Structure formats: structure tokens, C-alpha cells
Amino acid sequence: MTSFQDPRLPADERLLCLSELALACQDCEMCGLARGRTRSVFSDGYPDAEIMLIGEGPGQHEDETGLPFVGRAGQLLDKILASVGFDRRQNIYIANVVKCRPPGNRAPTPEEMAACFPYLEEQISLLQPKILILAGATALQGVTGQKRSITRSRGQWFEWNGMLCMPIFHPAYLLRNDSRAVGSPKWQTWQDLKAVAAKYQELTGQSLAKTGG
Ligand code: SF4
């Protein structure tokens, strides 16, 4: 198990390690998902970020482009993140629990998540974010190893390996539940990300420029 206690590597060394890891991912055949992928999807975002968002796995658009969260769900995610001041080009790093697309967009199996976890573990270890946002029940399970209801877990901070974690609904779920009414999943996700933004500012002393909600 990787230790998350070591100080962050200097930025250039960290970038090099992340690039090498991304390359290794492209050739990886550690689980059956390798057979169906166009390319593996390692990460996107700012490699000096103090916040890391973890999703489930690549879908069709991600598989085609090699970038996480670029389809409709990704566009919605970017909008919600922007409404609280986060931007993948400036202050957030994004990755998935599995790096290759599960066929038919099914959820990855526990075995596939376990096979891929060393990549995620190393990404977290290199980045050493202060906050992890876990998007959906699969991300929650993939990181903590525990199967928990996202409906009951979302919005509740917990600590894992010295990092604060915030589970939120997966943006694909929000696409299917489009209401923005008070109490709706979209509204709840906005509240959760507002809590993340407040914690981020408290922990880093950095202010965030919001684009509205
Ligand atoms: S999902 Fe992960 S473990 Fe499986 S082949 Fe892709 S990179 Fe390797």
C-alpha cells in the first residue's frame, strides 16, 4: 500500500511520474477491459491541484478522446464545478476508478476496480490532494473498498488516508434527473460542491471566482 504521508515531489518530477504512469496505462492488460478500449483514459486537469475528482470509468466519448468527463455528463460537471469556482484548467484534477471503458457503459466489476486501483492509488499519492470528490457510488466503492449508498453518503465529509472526501452524485445521474428545484439531486450536488469550495478556501487560503449557479 502506498503511503500518502510523503511530501509532494517537485512539480517537474511529479509531472514526469504522472506521464510515465499514463504511458504505462496505454499498454496495460491487467484486466479484461483492455480488450474493448480504443485508448485508456488516464486523467485531465491541473496536475498541481489540491482537489481531485474521481469518477467511475470512461464512456464512449472518453474512450474516443482519451479524456475523462468530456461527454454530456462531463459538460454538466464542468458547469456545476464552474458555478462554485472550480476549473479543470486551474484548480482541479480529474481521473476515474478504471481507466478503460467497460462495454456498454456498465459499471466496472470489483475485480476490474481492484486491478486498476494501483494506477489511481499512485495518482493520488503523486498529487496528494487535500480533498477528494467521489462522483457516484462506484467511485466511493473504488476508493474506500466499501459498497455504500450514494444517496445516503453524499454531502457527508469523511476522512480517508489523511484526505477529506466528499461523495456526490455522478453527473450522468443528474442528466437523468434534470430538475433544479430545492431538494432535487442537482440542487443537492450544488450544495455539496459549495461545501467543497468553502473547505478548499479554508484549507488553502485561495479564493475562487464563481460563474453563478
Ligand atoms: S482498466 Fe485499468 S487495469 Fe484494466 S486494462 Fe485498463 S488500465 Fe489496465
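Counting convention: from 1, in listed order, for ligands and their atoms alike. None of these values were measured; they are calculated from a predicted model.
- A salt bridge between Arg106 and Glu56 is absent, with no side-chain N of the basic residue lying under 4.0 Å from a carboxylate O of the acidic one.
- A salt bridge between Asp78 and Arg88 is present, with a side-chain N of the basic residue lying under 4.0 Å from a carboxylate O of the acidic one.
- Atom CZ of Arg72 sits in a sparse spot, with 12 or fewer heavy atoms from other residues, nucleotides or ligands closer than 6.0 Å.
- A distance below 6.0 Å separates the ring centres of Phe86 and Tyr200.
- Taking the six-membered ring where the residue is Trp, the centroids of His170 and Phe69 are separated by under 6.0 Å.
- In this structure, the protein non-hydrogen atom closest to atom 8 (Fe) of ligand 1 is Cys28 SG, 2.3 Å.
- No part of Glu112 comes within 4.0 Å of ligand 1, judged by heavy-atom distances.
- Nearest non-hydrogen protein atom to atom 6 (Fe) of ligand 1 is Cys100 SG, 2.3 Å.
- Checking each of Leu126, Leu18, Ile124 against Tyr93 for a side chain to side chain contact (heavy atoms under 4.5 Å, CB included) leaves exactly one that passes, namely Leu18.
- Residue Met30 approaches ligand 1 through these ligand atoms, each under 4.0 Å from one of its heavy atoms: 3 (S), 5 (S), 8 (Fe).
- The Arg37 neighbourhood of ligand 1 comprises atoms 5 (S), 6 (Fe), with distances under 4.0 Å to a heavy atom of that residue.
- Between Ala115 and ligand 1 there is a heavy-atom distance shorter than 4.0 Å.
- Cys116 lies close to atom 2 (Fe) of ligand 1, since one of its N, O or S atoms is found at a distance under 2.8 Å.
- Residue contacts with ligand 1, taken as heavy atom pairs separated by less than 4.0 Å, involve Cys31 via backbone and side-chain atoms alike.
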